[in-house]
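Below is one structure; the comments refer to it alone.
Here is how names work: the chains are called A, B, and so on, in the same order as the sequence lines, proteins then strands, and each is numbered from 1. In this text the structure is predicted, and so the values were computed from the model without any measurement.
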There are 2 protein chains.
Amino acid sequence: MNTKPLTAQEEVLALLRVEILTGSLQPGQQIVQDVLAERFGVSRVPLREALKILEGEGQVTHHPHRGYFVAELSIGDLHEVYRLRALLEREAVTAAVANITDRDLITITELAKEVRKAASTGEVLAITAANRAFHFAIFELSEMPRLIRLLRQLWDTTDVYRSVYFSSATNRERILLEHDEILDALCARNVARLVQWHDTHRDNSVSSVSAVIAR
Amino acid sequence: MNTKPLTAQEEVLALLRVEILTGSLQPGQQIVQDVLAERFGVSRVPLREALKILEGEGQVTHHPHRGYFVAELSIGDLHEVYRLRALLEREAVTAAVANITDRDLITITELAKEVRKAASTGEVLAITAANRAFHFAIFELSEMPRLIRLLRQLWDTTDVYRSVYFSSATNRERILLEHDEILDALCARNVARLVQWHDTHRDNSVSSVSAVIAR
DNA sequence: AGACCGATAATTGGATCCAATCACTGAAAT
DNA sequence: ATTTCAGTGATTGGATCCAATTATCGGTCT
């Protein structure tokens, strides 16, 4: 199972995501195409196509003849994103419970352990990745591909800010406990409790993140 | 209020939408870039950027080195789209009621009349446009730009099929009545009734459209 | 001093050209 | 007869080049 050769625009897209996530490209900053194209070792054409994808996801904005800029999140945007996440994630986890098998439970328990392991190292990027894997393993069970895609986009738009969230030790403690509760509710196939814990999980997240944005 | 000169990719994007909506480009059909670029009188570069946007919206799919294809909706996709619409539109109209002014009511009443006028002519494209304007005028009141964008995309993916819906006279009759009910609930600021009528409005739509897809 | 205007540089948008990949045809081998 | 393979044509992906637009910087006028 070897990874097939990627096209340049796919590579560039992945690189752009990293740069935005890690803050190498900061919110509000203009993206000068020549600079990035050279940095990535490609021409501007595949770069522009990758940017168009990110524009569609709301990660960057585009003004004709002025260029691309890394998107900034206002506090209002943040709350809207989390409101939409609330609506859509409730749907996702509800549908997930209807489909979940014992095998799935094992997989997800494993992913929760991965988060715990990453949290103990304190590496923010690793935690972000593991956390995402855990949650989306659950969402995927919904078998609603469009819903999952929307959720990915919503998560992406706040990832920059959320990574700050994971740099606090107390926050890291809490999410582990919350993940355990989520796992518990999953095993019990208890939709109400599952939704409930997702909600509090998000609420804790949004209040921390909004503090970061309001700086 | 003059329209500023559009870039080629914006023009092409609009043209592509029309071709897809009207069925000049049929679901499943490959999009040969040279052909369309020549038809639109531009080079392939702006065309490809427009296609990237449509890909992000789920209107077309892309397979590396094989090209772009007009997206097809399975019956499962259709139900997922309508399920997502249900979730998001409930949110939109609920938020709308919180913001609505008397001036807004006048505007929307006017738009409802436009739908009636279009329906009397029987021109499917005109009805589609007027119907959309009516509904999105309501959604816009939510003042949730990301939500509105998502709804636009969801509507776009089914517009091809929905236009069939409007070609039936009985359907046209019914939507006018339902629009009146929606208007009524709006004027009364009655959220429950407003949501209810939106739901039935959608349900009627989805059952007709799924009949078309299952052909 | 500040606003307005024009030339110039920087940057994006678009066209053309070349390279890489894929689909298709047809012939050969089993 | 069916499968496999090679070669060819068609199509996409990407690089380079040119045009159009915008921003910047000086200078001029009030």
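- Across all non-hydrogen atoms, the minimal contact from T7(A) to P64(B) is CG2-CB, 4.1 Å.
- Note on Q30(B): every side-chain N or O is 4.0 Å or more away from OP1 and OP2 of dA23(C).
- A salt bridge links R90(B) to D199(B): one of the charged nitrogens lies within less than 4.0 Å of a carboxylate oxygen.
- The NE2-C1' distance, from H63(A) to dT21(D), rounds to 15 Å in whole Å.
- Contact check, Q33(B) against dA10(D): no side-chain N or O comes under 4.0 Å of OP1 or OP2.
- At least one side-chain heavy atom of Y68(A) sits under 4.5 Å from a side-chain heavy atom of Q33(A).
- Atom CD in E10(A) sits about 14 Å away from atom C1' in dG14(D), given to the nearest Å.
- D34(B) has its CG atom 12 Å from the C1' atom of dT16(C), to the nearest Å.
- One can place CD of E38(A) at 13 Å from P of dA15(D), the figure rounded to the nearest angstrom.
- The minimum heavy-atom distance linking P27(B) with E72(B) is given by the pair C-CG, 3.6 Å.
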Below 3.5 Å between N/O atoms, which protein atoms pair up with nucleotides 22-24 of chain D? Just atom names and distances, please.
from	atom 1	to	atom 2	distance (Å)
dA23(D)	OP1	R66(A)	NE	2.8

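- The shortest distance between the side-chain N/O atoms of Q9(A) and the OP1/OP2 oxygens of dG14(D) is below 4.0 Å.
- A heavy atom closer than 4.0 Å to some atom of DNA chain D occurs in R44(B), R48(B), these being the qualifying members of residues 41-54 of chain B.
- R152(A) forms a cation-pi arrangement with F136(A), by the criterion of a distance under 6.0 Å to the ring centre and an angle within 45° of the ring axis.
- Between W155(A) and F139(A), the two ring planes are perpendicular [angle over 60°; tilted spans 30° to 60°].
- Between the CD atom of Q29(A) and the P atom of dT11(C) there is a distance of 13 Å, given to the nearest Å.
- Every pair passing salt bridge (Lys or Arg N to Asp or Glu O under 4.0 Å) that includes a residue from residues 42-53 of chain B is listed here, sequence neighbours excluded: R48(A)-E49(B), E49(A)-R48(B), K52(B)-E55(B).
- Side-chain contact check for R85(B) versus R202(B): some heavy-atom pair is nearer than 4.5 Å.
- Put simply, the side chain of F69(B) does not reach to within 4.5 Å of the side chain of Q29(B), judged on heavy atoms.
- The interatomic distance linking L6(B) (CG) with dG14(C) (C1') rounds to 15 Å, in whole Å.
- Of the side-chain N and O atoms in H62(A), one or more sit less than 4.0 angstrom from OP1 or OP2 of dG13(C).
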